[in-house]
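What follows is one structure encoded as structure tokens, with my remarks underneath.
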Amino acid sequence: MASLTLQALKQQIADRKLAPLYLFVGEDLKLMDRMVDGMEEVIDPADRPFAVERYYAGEPAGSPEAIADAARIVPMLGDRRLVFVLRAERLLKPKRASKAAPVDEEAEDAEGEQAFDAGPLEDYLSSPVPSTTIVFVATDIDKTRRLTKRLLDAARVVDFAGLGDARRPGAAGGAADYIREELTRGGRSIEADAARLLVERSAND
């Protein structure tokens with residue numbers, strides 16, 4: 001798994017040098033949305049209607065096959081296409097079928113997970129198109145799933161935990177930075193010591 005810091009991601013966006021595959025994972029949906037919008041800025045505004053596509057995983061139009069097909073399209077204008085897969089936890093950690101419901105044994109695999117054919121997307125992950133960047137945006141993932149494993153092996157993974165892991169050793173500094181950035185965005189300010197104290201007193205809430 002190739003982990004990428006938020007600062008490194010911002011630098012790649014600033015340099016307009018994007019990798020073929022990214023996984024944004026975490027509970028900080030607002031920050032993930034801002035990074036998605038930031039990545040779109042790599043594409044010229046006039047080209048975005050042709051070069052940027054958003055799919056919602058789990059919906060008919062957001063099937064693994066549709067995502068893989070979109071990623072293989074050659075850019076009509078410019079030199080890059082962006083494909084965003086939103087709510088990707090539906091692919092990477094789908095809800096399992098209820099045991100009370102009838103089970104189609106042919107449609108459900110040996111792990112008992114929701115049935116969908118991930119094959120086309122798994123094939124794509126093994127050989128991504130250099131001119132396309134796919135960004136999977138998920139609140140959570142199941143690392144035991146084959147599709148998730150292949151994505152973790154191939155993608156740049158950016159953690160968007162926000163303040164959710166402030167109790168983790170060494171995370172307090174990052175949480176304090178997060179607080180300062182959010183306040184600055186809202187037109188406010190806070191001293192560094194005050195931000196650290198707020199993290200300590202928040203008790204991860």
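Count residues from 1 along the sequence. These numbers come from a predicted model, not from an experiment.
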Derivation and outcome, salt bridge (Lys or Arg N to Asp or Glu O under 4.0 Å), residues Glu53 and Arg81: CA-CA 8 Å; Glu53 294 191 67; Arg81 279 175 49 79; 2.4 Å; yes
How far apart are the closest heavy atoms of [X] and [Y], and which atoms are they?
X	Y	answer
Leu125	Pro128	O-CD, 3.6 Å
Ala61	Tyr55	O-CD2, 3.1 Å
Pro75	Ser131	CD-OG, 3.6 Å

[X] side chain near [Y] side chain, heavy-atom distance below 4.5 Å:
X	Y	result
Thr5	Leu9	no
Thr133	Pro20	no
Leu4	Val157	no
Met39	Val52	no
Val158	Val25	no
Glu89	Arg87	yes
Glu65	Leu121	no

Greater than 12 external heavy atoms within 6.0 Å of Asp123's CG: yes
NZ (Lys10) with more than 12 external heavy atoms under 6.0 Å: yes
side-chain contact (heavy atoms from CB on, under 4.5 Å), paired with Leu92, selected from Asp142, Leu147, Val85: Leu147
Polar contact flag, side-chain donor to acceptor under 3.5 angstrom, Gln12-Tyr22: yes
Shared hydrophobic cluster for Ile73 and Phe136 (ILVMFWY, side-chain gaps under 4.5 Å): no
Single-linkage hydrophobic cluster, 4.5 Å side-chain cutoff, Leu29 and Val135 together: yes
Please round to the nearest 0.5 Å and tell me the distance separating atom [atom1] of [X] and atom [atom2] of [Y].
X	Y	atom1	atom2	result
Leu151	Leu91	CG	CG	10.0 Å
Arg196	Glu191	CZ	CD	10.5 Å
Thr144	Lys149	OG1	NZ	6.5 Å
Ile43	Leu82	CD1	CG	4.5 Å
Leu23	Asp159	CG	CG	9.5 Å
Glu122	Asp117	CD	CG	8.0 Å

CA sep, side-chain torsions, deciding dist, call: Phe160, Leu6, side-chain contact (heavy atoms from CB on, under 4.5 Å): CA-CA 8 Å; Phe160 287 86; Leu6 181 59; 3.9 Å; yes
Steps toward side-chain contact (heavy atoms from CB on, under 4.5 Å) verdict (Tyr124, Ile67): CA-CA 9 Å; Tyr124 180 87; Ile67 295 166; over 6 Å; no
Stacked cation flag Arg54 on Phe84, 6.0 angstrom / 45 deg: yes
Stepwise salt bridge (Lys or Arg N to Asp or Glu O under 4.0 Å) check, Glu182 with Arg34: CA-CA 12 Å; Glu182 288 300 302; Arg34 289 208 298 269; 2.8 Å; yes
Donor-acceptor contact below 3.5 Å, side chain Arg156 vs main chain Phe24: no
Steps toward side-chain contact (heavy atoms from CB on, under 4.5 Å) verdict (Arg150, Arg145): CA-CA 9 Å; Arg150 294 194 177 184; Arg145 292 178 54 81; over 6 Å; no
Verdict with supporting geometry, Ile13 and Leu18, side-chain contact (heavy atoms from CB on, under 4.5 Å): CA-CA 7 Å; Ile13 293 173; Leu18 301 182; 4.2 Å; yes
Stepwise side chain to side chain donor-acceptor pair (under 3.5 Å) test for Thr132 and Arg72: CA-CA 7 Å; Thr132 297; Arg72 289 192 174 97; over 6 Å; no
